[in-house]
Amino acid sequence: MTLQRLVDFSAATAALLIGSVAMSQAQTPDGPPSTFTLKPLGPGVYAAIDSGKAGSNAGFIIGDDGVLVVDSFYDPDAAKEMLANIRKLTPLPIKYVVNTHYHIDHVNGNSVFKEAGATIIAQRNVRDWIHTENLKFYGSKMTSEQKASVEAITSPELLVDRDITIYLGGRRLEVRYFPGHTGGDLVVGVPDARVLFCGDLLWRHMSPNLIDGSIGQWIATDEAFEHVPHAASTTFVPGHGDVANVGDVADFAGYLKALRGAVTAAMKSEVKDKALVQTVKAKLSPHYREWLGNDDAVGTIGLMVAELEDKKPRPVPTLAPSVTR
């Protein structure tokens with residue numbers, strides 16, 4: 001498989017993942033289908049777990065004098081639904097939205113919260129990447145309408161290249177940079193509730209989108225999550241999949257290691273293409289059959305091969321992050 005075909009294949013499977021053709025929705029008893037399930041995780045802390053149409057997970061934290069939202073979904077209607085849920089809980093202003101990274105499934109609803117008065121925060125690279133790198137998710141057959149929709153995504157306004165602390169009155173939130181998934185990833189910690197919103201640095205019981213990933217850094221990041229203060233009692237909100245605990249974090253790091261190890265071994269055996277994919281799937285299936293699924297295995301394994309061969313294109317940073325912790 002050529003690199004362009006691999007990118008197109010990965011873009012197509014990523015499009016399925018981010019919900020652009022997702023069909024399943026959760027039915028609410030008293031109204032139209034919901035795009036997510038709202039889960040309270042602590043006082044004023046909520047995760048919005050994708051039910052199929054939203055495209056990804058998101059969430060929000062209610063402080064003393066305002067609200068911070070984490071990610072804005074792929075579907076703007078899901079963002080509107082989350083805004084309506086916030087309004088049912090509090091009249092406080094929506095002060096901030098943190099984009100955990102640039103991928104379209106986490107940022108396409110930015111305009112909903114911008115119009116509600118929020119300042120959008122992201123890692124410095126995201127402002128450029130949001131309108132350029134997201135084009136690849138439509139592949140080489142991208143239409144002019146799809147291109148225009150990416151170019152119209154509302155950009156972040158407050159760019160960070162180091163860890164920051166945000167206070168919502170007396171409530172402290174920690175916004176931290178961690179590498180691995182895209183090179184522009186932020187997490188949001190809520191220390192008083194022991195909750196960590198991880199974006200796509202964590203997927204629960206699912207094979208992740210590797211299109212921009214750096215596997216060694218990603219493993220190190222998830223191992224760091226395993227050792228955050230009070231990890232055993234911390235709730236981790238992944239970018240995809242249900243809310244997680246520290247055991248789920250360890251499982252995900254284990255999957256990344258197993259994937260890298262199986263692909264490395266297959267490459268050393270000099271099997272290639274379809275034979276390599278089948279060899280790796282056979283190695284991983286006893287433990288990760290449900291994770292691999294049927295739609296993304298070729299893209300996942302192919303991208304792992306491309307990374308190990310140093311042939312995988314990644315977004316070019318505009319400025320390397322300064323990490324302080």
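Quick caveat: nothing in here was measured; it's all calculated off a predicted structure. Residue numbers count from 1 along this sequence.
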A side-chain contact here means heavy atoms from C-beta on lying under 4.5 Å apart; do [X] and [Y] qualify?
| X | Y | result |
| --- | --- | --- |
| Ile130 | Pro156 | yes |
| Asp50 | Tyr74 | no |
| Thr221 | Pro179 | yes |
| Ile301 | Leu276 | yes |
| Thr234 | Val195 | no |
| Val237 | Leu202 | no |
| Lys95 | Asp65 | yes |
| Val175 | Thr165 | no |

Taking ring-ring contact (aromatic ring centres under 6.0 Å, His included) as the definition, give me every residue that meets it alongside Tyr102, ordered by chain and number, with sequence neighbours left out.
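Counting only residues at least two positions away or on another chain, Tyr102 forms a ring-ring contact (aromatic ring centres under 6.0 Å, His included) with Trp129.
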Kindly state each residue pair satisfying ring pair (Phe, Tyr, Trp, His ring centres under 6.0 Å) with at least one member in residues 51-70, sequence neighbours excluded.
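Residue pairs with at least one partner in residues 51-70: Tyr46-Phe60.
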Going through the distances and angles, do Glu81 and Asp77 end up as a side chain to side chain contact (heavy atoms under 4.5 Å, CB included)?
CA-CA 6 Å; Glu81 183 183 344; Asp77 286 340; over 6 Å; no
Non-hydrogen atoms of [X] and [Y] that approach each other most closely:
| X | Y | result |
| --- | --- | --- |
| Lys312 | Gly213 | NZ-O, 2.9 Å |
| Asn99 | Ser72 | ND2-OG, 4.5 Å |
| Gln123 | Gly183 | OE1-O, 4.1 Å |
| Tyr255 | Trp291 | CB-CZ3, 3.3 Å |
| Ile164 | Val160 | CD1-CG1, 3.8 Å |
| Pro238 | Val243 | CD-CA, 4.0 Å |

Between [X] (side chain) and [Y] (backbone), is there a donor-acceptor pair under 3.5 Å?
| X | Y | answer |
| --- | --- | --- |
| Asn57 | Gly241 | yes |
| Arg260 | Met304 | no |
| Ser269 | Ala265 | yes |
| Arg87 | Leu92 | yes |

Nearest 0.5 Å, please: how far is [atom2] in [Y] from [atom1] in [X]?
| X | Y | atom1 | atom2 | result |
| --- | --- | --- | --- | --- |
| Ile62 | Leu68 | CD1 | CG | 11.5 Å |
| Ile211 | Glu307 | CD1 | CD | 12.5 Å |
| Asp248 | Glu226 | CG | CD | 11.0 Å |
| Cys198 | Asp185 | SG | CG | 10.5 Å |
| Glu115 | Asn110 | CD | CG | 11.0 Å |
| Thr264 | Leu259 | OG1 | CG | 9.0 Å |

With Asp64 via salt bridge (Lys or Arg N to Asp or Glu O under 4.0 Å) - residues at least two apart:
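Applying salt bridge (Lys or Arg N to Asp or Glu O under 4.0 Å) to Asp64 gives none.
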Please test Lys257 against Glu223 for salt bridge (Lys or Arg N to Asp or Glu O under 4.0 Å), starting from the C-alpha separation and ending with a verdict.
CA-CA 11 Å; Lys257 293 175 188 176; Glu223 289 178 337; 2.7 Å; yes
For side chain to side chain contact (heavy atoms under 4.5 Å, CB included), just list the numbers for Ile86 and Ile94, CA-CA rounded to whole Å, side-chain angles, deciding distance to a tenth of an Å, and then say yes or no.
CA-CA 9 Å; Ile86 294 170; Ile94 315 295; 3.6 Å; yes
Counting neighbours of CD on Glu270 that are heavy atoms of other residues, nucleotides or ligands and sit closer than 6.0 Å, is the number greater than 12?
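It does not: Glu270 CD has 12 such atoms or fewer within range.
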For the rings on Phe236 and Phe197, is their centre-to-centre separation under 6.0 Å?
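No - the distance between ring centres of Phe236 and Phe197 does not fall below the 6.0 Å cut-off.
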Using a strict threshold of under 4.0 Å (side-chain N to carboxylate O), is an ion pair present between [Y] and [X]?
| X | Y | result |
| --- | --- | --- |
| Lys136 | Asp212 | yes |
| Glu174 | Arg172 | yes |
| Lys114 | Glu157 | yes |
| Asp251 | Arg204 | no |

For a ring pair (Phe, Tyr, Trp, His ring centres under 6.0 Å) with His240, tell me which candidate from His205, His103, His106 qualifies.
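For His240, the ring pair (Phe, Tyr, Trp, His ring centres under 6.0 Å) test succeeds with only one of His205, His103, His106, which is His106.
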Identify, with sequence neighbours excluded, every residue that meets side-chain hydrogen bond (donor to acceptor under 3.5 Å, both in side chains) alongside [X].
| X | result |
| --- | --- |
| Arg171 | Asp192 |
| Lys283 | none |
| Arg194 | His230, Ser233 |

Leu173, Leu159: one ILVMFWY side-chain cluster at the under-4.5 Å cut-off?
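Leu173 and Leu159: separate clusters.
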Stepwise ring-ring contact (aromatic ring centres under 6.0 Å, His included) test for Phe113 and Tyr96
CA-CA 8 Å; Phe113 297 104; Tyr96 305 104; over 10 Å; no
Intermediate values then yes/no, ring-ring contact (aromatic ring centres under 6.0 Å, His included), Phe73 and Phe36
CA-CA 10 Å; Phe73 301 120; Phe36 57 81; 5.4 Å; yes
Stepwise side chain to side chain contact (heavy atoms under 4.5 Å, CB included) check, Leu284 with Arg289:
CA-CA 7 Å; Leu284 296 178; Arg289 185 182 304 276; over 6 Å; no
Taking atom types as modelled, find out whether Thr100 and Asp71 have a side-chain donor-acceptor pair closer than 3.5 angstrom.
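There is such a pair between these side chains.
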Test item: side-chain donor near acceptor, Tyr138 and Thr143, under 3.5 Å
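The answer is no; no qualifying pair exists.
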For the pair Phe225 and Phe178, evaluate side chain to side chain contact (heavy atoms under 4.5 Å, CB included) and give the outcome as yes or no after the intermediate values.
CA-CA 10 Å; Phe225 291 166; Phe178 280 92; 4.0 Å; yes
Checking His181 against Asn209 for the side-chain hydrogen bond (donor to acceptor under 3.5 Å, both in side chains) test, could you report, in this order, the C-alpha distance in whole Å, the side-chain angles of both residues, the deciding distance, and whether it holds?
CA-CA 8 Å; His181 180 54; Asn209 175 6; 5.2 Å; no
